[in-house]
Amino acid sequence: MNLILSTCGTSILTNGADEDLRKLFAQHANVRDSGVVPAQDRSRICAHIETRKRQFAQASHESARRDSAELNGILSFYGAGSFAENRRDIHYLLATDTLFGEVTAGIVKGWLDNHGFADVRVERRPDLQTADCPLFKSALSDLVKWCAEVIAPQKTAHCRVV
């Protein structure tokens with residue numbers, strides 16, 4: 001069995017987006033809640049997020065690899081084989097403390113759930129964002145502590161941490 005820790009960025013949201021939408025994602029990258037995004041931007045962003053959720057609900061392995069750095073990494077780890085023997089693996093999806101980080105992790109979780117993985121967990125880390133350097137540094141320290149307390153003890157002869 002494997003325990004796989006995957007970081008989640010925004011590639012699911014930005015791949016295939018037009019330049020104006022990419023700029024909106026960059027402009028609001030560290031927003032924690034959609035309520036602070038101006039209504040016009042929020043409307044466009046939310047519509048795109050819903051489109052991407054629908055697309056990934058039906059995404060093949062090939063399109064998932066192409067459109068998501070997160071799923072590309074996971075699928076590369078498993079190779080071309082079947083997931084059947086790996087469905088007991090544990091997946092931690094590390095999300096930034098931002099709206100987009102959580103949305104992306106949720107889309108990845110949905111895809112993995114739809115492909116039979118039984119234990120997929122989204123781990124949104126407090127203050128993990130890039131707008132405030134002291135908060136970011138503190139979040140990284142907390143992340144290391146969390147890994148030592150939660151991830152490291154799961155490494156056994158029967159569970160490999162990736």
Side-chain angles (χ1 to χ4, degrees), residues 1-34 36-38 40-125 128-131 136 139-140 143 146-147 150-151 154 159-162:
M1 177 170 42
N2 299 296
L3 181 151
I4 300 172
L5 179 62
S6 301
T7 58
C8 292
T10 60
S11 64
I12 284 175
L13 302 176
T14 57
N15 286 343
D18 64 43
E19 190 61 31
D20 289 338
L21 194 51
R22 283 175 172 265
K23 286 178 183 176
L24 286 179
F25 281 114
Q27 180 181 351
H28 302 294
N30 287 294
V31 168
R32 288 185 170 145
D33 182 286
S34 65
V36 299
V37 177
Q40 182 178 358
D41 293 352
R42 183 174 54 245
S43 175
R44 184 142 190 248
I45 288 168
C46 288
H48 182 70
I49 288 170
E50 290 307 312
T51 297
R52 294 307 272 170
K53 285 179 181 179
R54 282 192 307 278
Q55 289 171 336
F56 270 87
Q58 306 299 320
S60 67
H61 287 214
E62 295 77 26
S63 63
R65 272 187 114 127
R66 181 186 63 241
D67 292 341
S68 166
E70 300 79 11
L71 288 169
N72 184 44
I74 292 167
L75 290 168
S76 293
F77 172 75
Y78 288 120
S82 166
F83 287 154
E85 66 276 5
N86 297 303
R87 290 207 167 116
R88 289 184 47 239
D89 285 356
I90 300 166
H91 286 267
Y92 280 94
L93 304 173
L94 181 61
T96 57
D97 192 16
T98 66
L99 171 65
F100 302 146
E102 188 163 6
V103 165
T104 299
I107 293 171
V108 172
K109 180 183 184 330
W111 193 91
L112 291 169
D113 288 345
N114 288 343
H115 286 82
F117 286 95
D119 195 350
V120 182
R121 307 168 191 185
V122 172
E123 181 63 32
R124 182 173 174 166
R125 299 304 306 162
L128 187 59
Q129 47 67 44
T130 58
F136 179 70
L140 289 180
L143 177 60
W146 175 80
C147 286
V150 175
I151 302 298
Q154 296 185 60
C159 183
R160 177 174 63 154
V161 175
V162 178

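Looking only at side-chain heavy atoms (C-beta outward), Arg44 and Asp20 come within less than 4.5 Å of each other. Side-chain contact between Thr10 and Phe25: absent, with no pair of heavy atoms (C-beta onward) separated by less than 4.5 Å. Contact annotation: the side chain of His115 approaches that of His61 to within less than 4.5 Å [non-hydrogen atoms, C-beta and beyond]. Side-chain contact between Arg32 and Arg124 is present, with heavy atoms from C-beta onward closer than 4.5 Å. Here the side chains of Ser60 and Glu62 are in contact, with some heavy-atom distance below 4.5 Å. Residues Val37 and Cys46 have side chains not in contact (no heavy-atom distance under 4.5 Å, counting atoms from C-beta outward). Using a 4.5 Å cut-off on side-chain heavy atoms (C-beta onward), Thr98 and Leu128 make no contact.
Separating the CD1 atom in Ile90 from the CD1 atom in Ile151 is a distance of 8.5 Å, to the nearest 0.5 Å. The distance from the CD atom of Glu70 to the CG atom of Asn72 is 9.5 Å, given to the nearest 0.5 Å. For the atom pair Glu123 CD and Leu93 CG, the distance stands at 10.0 Å (nearest 0.5 Å). Annotation: the span from Thr14 atom OG1 to His48 atom NE2 amounts to 7.5 Å, rounded to 0.5 Å.
Within 6.0 Å of CZ in Arg88 there are 12 or fewer heavy atoms belonging to other residues, nucleotides or ligands.
Looking only at distances, a side-chain donor or acceptor of Asp89 sits under 3.5 Å from a matching main-chain atom of Asn2.
With hydrogens and angles left out, the side-chain atoms of Asn30 and Thr130 include a donor and acceptor closer than 3.5 Å.
Nearest heavy atoms, Arg160 versus Phe77: NH2-CZ, 3.1 Å.
Here the rule is side-chain contact (heavy atoms from CB on, under 4.5 Å) with Arg65, and of Leu75, Leu71, Ile74 only Leu75 fits it.
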